[in-house]
Amino acid sequence: MKPDCVRLALQKSGRLYEQSIALLKRCNIDIYHNYRQLLARTNEINLEILFLRDDDIPHFVADGICDLGIVGENIFREECLIWEQHSPNREFPAKLHTRLQFSHCRLSLSVPESFSYSLNSLRNRKIATSYPATLQDFLDRNGCNAQVIKMEGSVELAPKLQIADLICDLISTGATLEANGLVEAETILESEAILIQSTAFQPVSEAKQNTLNQLFTRLRGILQAMHSKYIMLNAPKTQINAICKLLPGAGSPTVIPLLDPTQVAIHAVSGEPRIWELMESLKKAGAYSILIQPVEVILP
Ligand code: PRT
Ligand code: ZN
């Protein structure tokens, strides 16, 4: 390991792998590795990647073996709660740094179709889950007395196999639940991929902090740009105010004179997610020749 090198833990394979690599690529960070290699170097920035199972990532970051990690919030939250149970006087030595806006899912209680769900209905029931600490925390906060059954996988089968009455598991599309005759009853945690940072050895050296800042700036720029669009349009001069009002989050749009003195071009960056509705409103307000482009990066 080069001195002051920042080490980032990524999932070795699985749901987070592709998008973690793609996000780093957008930050201009290429990773040189093959599937057998667990440690990889990157180009230009002083960053090393360690490939791990997602469950191990919070531990490697909390132990300070890795400075950063990309992991599901569900895994991080579970590890924080387990830590709290064993070391109530010391915070988990890793913190959530940035939400990365991919791998969205939710940890929910789900019940067989015949089960009539309410918090009261959980009393003395068996609930199967791979997230016992997160579930127990939910039950305690709601004063529910239920039995938590820990399962490592195939949690959806637990009611059919009569291992449990209901389950608490991750859902993204809901297709797996449906295929197993289960219905989502209550979400207990919303989750997405997050960047976590070690707080085990603070403060870090100046050189390491510079590399961390470099990486954080690039990530911020990419994440801000992810849902932004660059909008260019022409409009009659009389419509400038009406059109600028329709461009939320655009700061101050650029208004450029055109050869025809009655017309202008307006350029703006917009974070509006409903882009088709926005285009229709712009058209109604008199805009024409509307051009919308993706934004690569935003540095405030
Ligand atoms: O091998 P390793 O331990 O590293 O990986 P893993 O098999 O434990 O995890 P992996 O790759 O399956 O998931 C990694 C992370 O992706 C999770 O920790 C979540 O943060 C996130 N994620 C997003 C999901 C899902 N969506 C998801 N749908 N993780 C699991 N699922 C499973 C869920 O458990 C259920 O079995 O998919 C099924 C439900 O999917 P739907 O689409 O049918 O609802
Ligand atoms: Zn795992």
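The residues of the chain are indexed from 1 along the displayed sequence.
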With side chain to side chain contact (heavy atoms under 4.5 Å, CB included) as the test, would you mind laying out the steps for Lys25 and Asp30 before giving the verdict?
CA-CA 6 Å; Lys25 205 170 173 48; Asp30 288 315; 2.7 Å; yes
So, the side chain of [X] versus the backbone of [Y]: is there a donor-acceptor pair under 3.5 Å, distance only?
{"X": "Asn145", "Y": "Asn124", "answer": "no"}
{"X": "Thr129", "Y": "Tyr131", "answer": "yes"}
{"X": "Ser289", "Y": "Leu233", "answer": "no"}

State whether a side-chain donor-acceptor pair under 3.5 Å links Asn213 with Gln209.
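Result is yes, a qualifying pair exists.
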Side chain to side chain contact (heavy atoms under 4.5 Å, CB included) for Gln11 and Phe51? Distances and angles first, verdict last.
CA-CA 6 Å; Gln11 193 189 24; Phe51 289 97; over 6 Å; no
Answer yes or no: is there a side-chain heavy-atom contact under 4.5 Å between [X] and [Y]?
{"X": "Lys237", "Y": "Gln263", "value": "no"}
{"X": "Leu23", "Y": "Leu219", "value": "yes"}
{"X": "Leu182", "Y": "Val111", "value": "no"}
{"X": "Ser121", "Y": "Phe115", "value": "yes"}
{"X": "Leu47", "Y": "Cys5", "value": "no"}
{"X": "Leu10", "Y": "Leu16", "value": "no"}
{"X": "Val6", "Y": "Glu48", "value": "no"}
{"X": "Leu68", "Y": "Leu215", "value": "yes"}

Sequence neighbours left out, what pairs pass salt bridge (Lys or Arg N to Asp or Glu O under 4.0 Å) with at least one residue falling in [range]?
{"range": "residues 277-287", "answer": "none"}
{"range": "residues 71-88", "answer": "Glu73-Arg99, Arg77-Asp137"}
{"range": "residues 288-300", "answer": "none"}
{"range": "residues 101-112", "answer": "Arg106-Glu184"}

Determine, stepwise, if the pair Leu8 / Cys66 fulfils side chain to side chain contact (heavy atoms under 4.5 Å, CB included).
CA-CA 6 Å; Leu8 166 68; Cys66 295; over 6 Å; no
side-chain contact (heavy atoms from CB on, under 4.5 Å) partners of Gln239, counting only residues at least two apart
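Scan of Gln239 (side-chain contact (heavy atoms from CB on, under 4.5 Å), adjacent residues dropped) gives Pro236, Ala242, Ile243.
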Gap separating the [atom1] atom of [X] from the [atom2] atom of [Y], nearest 0.5 angstrom:
{"X": "Ile57", "Y": "Ile65", "atom1": "CD1", "atom2": "CD1", "result": "12.5 Å"}
{"X": "Ile266", "Y": "Asn234", "atom1": "CD1", "atom2": "CG", "result": "9.0 Å"}
{"X": "Ile194", "Y": "Ile196", "atom1": "CD1", "atom2": "CD1", "result": "6.0 Å"}
{"X": "Ile31", "Y": "Arg41", "atom1": "CD1", "atom2": "CZ", "result": "11.5 Å"}
{"X": "Asn74", "Y": "Ser130", "atom1": "CG", "atom2": "OG", "result": "10.0 Å"}
{"X": "Leu299", "Y": "Gln224", "atom1": "CG", "atom2": "CD", "result": "8.5 Å"}

Acceptor/donor pairs from residues 171-180 side chains to any protein atom, 3.5 angstrom cut, sequence neighbours excluded:
from   : atom 1 : to     : atom 2 : distance (Å)
Thr173 : OG1    : Ala175 : N      : 3.2
Asn180 : ND2    : Thr176 : O      : 2.8

How would you list, by chain and number, every residue that makes a ring-ring contact (aromatic ring centres under 6.0 Å, His included) with His227, sequence neighbours excluded?
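So His227 forms no ring-ring contact (aromatic ring centres under 6.0 Å, His included) with any residue.
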Partner set under ring-ring contact (aromatic ring centres under 6.0 Å, His included) for Phe216, not counting sequence neighbours:
His97
Following the transitive rule for hydrophobic clusters with a side-chain heavy-atom cut-off under 4.5 Å over Ile, Leu, Val, Met, Phe, Trp and Tyr, establish whether [X] and [Y] coincide in one cluster.
{"X": "Ile45", "Y": "Ile49", "answer": "yes"}
{"X": "Leu81", "Y": "Val148", "answer": "no"}
{"X": "Leu291", "Y": "Val295", "answer": "yes"}
{"X": "Leu166", "Y": "Ile149", "answer": "no"}
{"X": "Ile167", "Y": "Leu170", "answer": "no"}

Using a 3.5 Å cut-off and no angle test, enumerate the donor-acceptor pairs between side-chain atoms of residues 152-165 and protein atoms at least two apart in sequence or in another chain.
from   : atom 1 : to     : atom 2 : distance (Å)
Glu152 : OE2    : Lys150 : NZ     : 3.3
Asp165 : OD2    : Lys126 : N      : 2.7

Check side chain to side chain donor-acceptor pair (under 3.5 Å) between Gln147 and all other residues, then give those that pass, not counting sequence neighbours.
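With neighbours one apart ignored, the set is empty.
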Those residues at least two apart in sequence (or on a different chain) that pass side chain to side chain donor-acceptor pair (under 3.5 Å) with Asp260 are Thr262
Between Asp54 and Leu52, does the side chain to side chain contact (heavy atoms under 4.5 Å, CB included) criterion hold? Intermediate values first, please.
CA-CA 6 Å; Asp54 66 346; Leu52 299 169; over 6 Å; no
Could you give the side-chain donor-acceptor pairs of residues 197-206 under 3.5 Å, partners two or more places apart or in another chain?
from   : atom 1 : to     : atom 2 : distance (Å)
Ser198 : OG     : Val61  : O      : 2.8
Ser198 : OG     : Ala200 : N      : 3.1
Thr199 : OG1    : Pro93  : O      : 3.1
Thr199 : OG1    : Ala94  : N      : 3.4
Gln202 : NE2    : Ser198 : O      : 3.0
Ser205 : OG     : Asp4   : OD1    : 2.7
Ser205 : OG     : Lys208 : N      : 3.1

